[in-house]
A.B. asks: 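After the structure tokens below, expect a handful of questions from me.
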Amino acid sequence: MGDEYKIQVFDAETQNLLKTALKDPSSVDLEKVANVIVEQSLRDATFSKESGKMCYTIIQAESKESGRSIFRSSLLNRLQTEYRNREEMRARSVQEWVCYVSFICNIFDYLRINNMPMLALVNPVYDCLFQLAQPESLQREEEVDCLVLQLHKVGEQLEKMNAQKMDELFSLLRDSFLLQNALGSLAQLLLLEMIEYRAAGWKMTDAAQKYYYSEVSE
């Protein structure tokens, strides 16, 4: 079970805490579990992309076991705290900021209420993506990579929740693409690919796949 959720990055005591939370959530401190997962996600880029699945499993197990949602509330509270501090986080560490965006998008991707994405996360996720689309963010390869990856993952869902915001985001991306002389060639390529990906209904055509990814790998 642990391997599936990448918990081997933790010490033995924390691994036991997480394994118990996945199977018998009411027997552990779920606020502590939420904090452990968020803190690791902010440090570890790989874990930040995977941890939504673990959170989803704990939420489902707690709901089934007790009908409660302590873990979900603790997780969302902690996400909200980090969201409020996002500008300071980005100024302190771009790596931590990019991990945060990956994590909140991963949570948005996995968490469902009545089979719908969580409305409370829509605006925070959009705000993070708008920050990544600002001209100064597009100078940094790690922020461009993060933006493109998240739009591939949750762009279509986000557009269904608020199409007007997605129009505004892509208007900003097009302006940045057209006006930014300082953009690196890889950033330009990734932005153009993303603009075309959305225009094609959030699908990558075979020709585009071949063109962009042969260029990137060369």
A.B. asks: So, for A163 and R198, which heavy atoms are closest and what is the spacing to 0.1 Å?
C.D. replies: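 Heavy atoms of A163 and R198 come nearest at O-NH2, 4.4 Å.
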A.B. asks: If Ile, Leu, Val, Met, Phe, Trp and Tyr residues are connected whenever their side-chain heavy atoms lie under 4.5 Å apart, and connections chain through other members, are L149 and L158 in the same group?
C.D. replies: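 Different hydrophobic clusters.
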A.B. asks: Going from SG on C128 to CD on E82, what distance comes out if it is rounded to the nearest 0.5 angstrom?
C.D. replies: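 Separation between the atoms: 11.0 Å.
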A.B. asks: May I ask you to test the L111-P117 pair for a side-chain heavy-atom distance under 4.5 Å?
C.D. replies: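 Heavy-atom side-chain distance check fails, nothing below 4.5 Å.
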A.B. asks: Determine the minimum heavy-atom distance between Q95 and A45, stating which atoms define it.
C.D. replies: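 Heavy atoms only, the tightest pair is NE2-CB, 3.9 Å.
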A.B. asks: Are the charged groups of E88 and R92 less than 4.0 angstrom apart, N to O?
C.D. replies: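 R92 and E88: not salt-bridged.
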A.B. asks: I'd like to know if the side chain of S74 pairs up with that of N77 as donor and acceptor (distance under 3.5 Å, no hydrogens or angles considered).
C.D. replies: no
A.B. asks: Looking at V36, D29, I37, which one forms a side-chain contact (heavy atoms from CB on, under 4.5 Å) with V33?
C.D. replies: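 Testing each of V36, D29, I37 against V33, the sole residue satisfying side-chain contact (heavy atoms from CB on, under 4.5 Å) is I37.
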A.B. asks: Identify the two heavy atoms, one from V154 and one from C105, that lie closest to each other, and give their separation to 0.1 Å.
C.D. replies: CG1-O, 3.6 Å
A.B. asks: Measuring only between side-chain heavy atoms, which start at C-beta, is V94 closer than 4.5 Å to E143?
C.D. replies: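 The answer is yes, as the side chains (C-beta and beyond) meet within the 4.5 Å cut-off.
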A.B. asks: Would you check, one step at a time, whether the test side chain to side chain contact (heavy atoms under 4.5 Å, CB included) holds for Y83 with D127?
C.D. replies: CA-CA 9 Å; Y83 169 75; D127 287 346; 2.3 Å; yes
A.B. asks: Around E39, counting heavy atoms of other residues, nucleotides and ligands shown, do more than 12 lie under 6.0 Å from its CD?
C.D. replies: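 Yes, enclosed.
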A.B. asks: Using 30° and 60° as the class limits, which term best fits the ring planes of F10 and F47: parallel, tilted or perpendicular?
C.D. replies: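 Ring orientation of F10 relative to F47: perpendicular.
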A.B. asks: Within the 4.5 Å heavy-atom criterion, are V122 and F108 side-chain neighbours or not?
C.D. replies: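 Yes. Closest side-chain heavy atoms under 4.5 Å.
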A.B. asks: Using a distance-only test with no angle check, is there a side-chain donor-acceptor pair under 3.5 angstrom linking Q40 and S51?
C.D. replies: no
A.B. asks: Nearest 0.5 angstrom please: I104 CD1 to Q80 CD, how far?
C.D. replies: 9.5 Å
A.B. asks: Are E62 and R72 ion-paired here, with the side-chain N under 4.0 Å from a carboxylate O?
C.D. replies: no
A.B. asks: K165 and E159: side chain to side chain contact (heavy atoms under 4.5 Å, CB included), yes or no, with the steps?
C.D. replies: CA-CA 8 Å; K165 276 237 182 189; E159 183 163 42; over 6 Å; no
A.B. asks: Any non-hydrogen side-chain atom of E193 less than 4.5 Å from a side-chain atom of L189?
C.D. replies: no
A.B. asks: When you measure from the side chain of S27 to the backbone N and O of D24, does any donor-acceptor pair fall under 3.5 Å?
C.D. replies: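 Side chain of S27 to backbone of D24: a pair is present.
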A.B. asks: Just how far is it from atom NZ of K32 to atom CG of L17, taken to the nearest 0.5 Å?
C.D. replies: 5.5 Å
A.B. asks: Can you measure from CD1 (I7) to OG1 (T14) and round to the nearest 0.5 angstrom?
C.D. replies: 9.5 Å
A.B. asks: Taking the side chain as every heavy atom from C-beta outward, state whether Q15 and V9 have any pair of such atoms under 4.5 Å apart.
C.D. replies: no
A.B. asks: Less than 3.5 Å apart, any donor N or O on the side chain of E50 or N106 sitting next to an acceptor on the other?
C.D. replies: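 The criterion, which ignores hydrogens and geometry beyond distance, is not satisfied for N106 and E50.
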A.B. asks: Does any part of the side chain of E168, heavy atoms only, come nearer than 4.5 Å to the side chain of Y126, both counted from C-beta?
C.D. replies: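 A side-chain contact is absent here, since even the closest heavy-atom pair is not under 4.5 Å.
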A.B. asks: List the atom of Q157, the atom of R112, and the distance in Å for their closest heavy-atom pair.
C.D. replies: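 For Q157 versus R112, the nearest heavy atoms are OE1-NH2, 2.8 Å.
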A.B. asks: Under 30°, 30 to 60°, or over 60°: which ring-plane class applies to Y100 and W97, parallel, tilted or perpendicular?
C.D. replies: parallel
A.B. asks: CG of L190 to CD of Q188: how many Å apart, nearest 0.5 Å?
C.D. replies: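 So the gap between those two atoms works out to 10.5 Å.
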A.B. asks: Which atom names give the shortest non-hydrogen contact between L151 and Y197, and what distance separates them?
C.D. replies: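 Result for this residue pair: O-CE2, 4.5 Å.
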A.B. asks: Does any donor atom in the side chain of S137 or Q131 lie under 3.5 Å from an acceptor atom in the other side chain?
C.D. replies: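 Yes, side-chain donor-acceptor contact under 3.5 Å.
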A.B. asks: Counting distance only, does the side-chain N/O of T57 pair as donor-acceptor with the main-chain N or O of K53 below 3.5 Å?
C.D. replies: yes
A.B. asks: For L138 and L147, work out which heavy atoms get closest and say how close.
C.D. replies: CD2-CD2, 4.2 Å
A.B. asks: Which class fits the ring pair W202 and F170: parallel under 30°, tilted 30 to 60°, perpendicular over 60°?
C.D. replies: perpendicular
A.B. asks: To the closest 0.5 Å, what do you measure between CD (Q60) and CD1 (I58)?
C.D. replies: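 The distance works out to 11.5 Å.
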A.B. asks: Give the intermediate values and the outcome of side chain to side chain donor-acceptor pair (under 3.5 Å) for residues Q150 and S102.
C.D. replies: CA-CA 7 Å; Q150 305 319 318; S102 291; 3.2 Å; yes
A.B. asks: Determine, for D44 against K49, whether the closest basic-nitrogen to carboxylate-oxygen distance falls under 4.0 angstrom.
C.D. replies: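 No.
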A.B. asks: Within the 4.5 Å heavy-atom criterion, are K23 and E65 side-chain neighbours or not?
C.D. replies: no
A.B. asks: Is the shortest side-chain heavy-atom distance between T81 and R84 below 4.5 Å?
C.D. replies: yes
A.B. asks: Salt bridge or not for E96 and R90, using N-O below 4.0 Å?
C.D. replies: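 Salt bridge flag = no for R90 with E96.
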A.B. asks: Could you check whether atom OH of Y56 has more than 12 heavy atoms from other residues, nucleotides or ligands sitting under 6.0 Å from it?
C.D. replies: no
A.B. asks: Apply side chain to side chain contact (heavy atoms under 4.5 Å, CB included) to residues R174 and L191 and explain how you reach the verdict.
C.D. replies: CA-CA 8 Å; R174 273 190 292 273; L191 287 186; over 6 Å; no
